[in-house]
Amino acid sequence: VSLAALEQQALSRHPAIREAEARLAEARGRATQAGAWMNPTIGMTMDELRPRENPSGFAGVFVQQTIPLGGALAAAETEAELEVVRREAALSAARQRVISTVRTRFYAMLTAEERVAVTERLNAHADEVIEIARQLFNVGMADRPDVLTAEVGARRVALDLVSARTTTEASWRLLAVAVAE
């Protein structure tokens, strides 16, 4: 899997990006409405209405429209446009955080895999060192402590190999979490 494919998958799935996109859509909707006049209010009033035989009372209809003065509409439009800009910046920052996390974990995983490969080669060489130390001991050119030192070194490399494999597995999991969030 390529890094670019992992980044695209993470960008399409990450909840922080979805939230930022929703907030941006909300801000754009508010910006659309910010410069519009408020809807008029239409109503009816009645007071002491009586039956038809003896009509009396009062009934009326009214229309009310709020007219913004003093540049209130322009100020609201400006504020809404600034909010859109802030939300676009927040969306961009969320995308960059996700991409940064994916890249960091991807390269950590590659590093861990390379560490496993190097440690496997070291492990093979450590086995050769043990064999050579034993042969030298058999012909009298090495002492028992030399053989034991080679064996201890080989065991340390074997432990490093187990650690490297565990780290690689953990790196894969962290990368999967970063992509699937």
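We use all heavy atoms of the structure for the numbers below, so side chains are in, but hydrogens, waters and symmetry mates are not.
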### Task
Indicate yes or no for a side-chain donor-acceptor contact from Thr101 to the backbone of Ala178 under 3.5 Å, with no hydrogens or angles considered.
no
### Message
Please identify which of these residues, Arg95, Arg87, Arg28, meets the salt bridge (Lys or Arg N to Asp or Glu O under 4.0 Å) condition with Glu21.
### Response
Arg95
### Task
Look only at the side chain of Thr166 and the backbone of Val162, and say whether a donor-acceptor pair between them is shorter than 3.5 Å.
yes
### Task
Could you grab the distance from atom OG1 of Thr167 to atom CG of Leu174, nearest 0.5 Å is fine?
10.5 Å
### Task
May I ask you to decide if Leu159's main-chain N or O and Ser163's side chain share a donor-acceptor pair within less than 3.5 Å?
no
### Spacing of CZ belonging to Arg105 relative to CG belonging to Leu6, to within rounding of 0.5 Å
12.5 Å
### Query
Roughly how far apart are Glu120 CD and Asn123 CG, rounded to 0.5 Å?
8.0 Å
## Note on the structure
Between the CZ atom in Arg97 and the CD1 atom in Ile17, the distance rounded to the nearest 0.5 Å is 9.0 Å
#### Entry: Arg86 atom CZ, neighbour heavy-atom count above 12 within 6.0 Å
yes
### Message
The test is side chain to side chain contact (heavy atoms under 4.5 Å, CB included); show your working for Arg103 and Glu7 and say whether it passes.
### Response
CA-CA 8 Å; Arg103 286 180 182 173; Glu7 288 173 352; 2.5 Å; yes
### Query
Can you check whether Ala124's main-chain N or O pairs, donor with acceptor, with Asp127's side chain at less than 3.5 Å?
no
### Query
Does Val118 reach the side chain of Arg121, with side-chain heavy atoms less than 4.5 Å apart?
yes
### Task
Report whether Val1 and Val179 are members of the same hydrophobic cluster (ILVMFWY, side-chain heavy atoms less than 4.5 Å apart, transitive linking).
yes
### Query
side chain to side chain contact (heavy atoms under 4.5 Å, CB included) between Arg13 and Gln8: does it pass, once the steps are laid out?
CA-CA 9 Å; Arg13 290 181 170 181; Gln8 286 303 321; over 6 Å; no
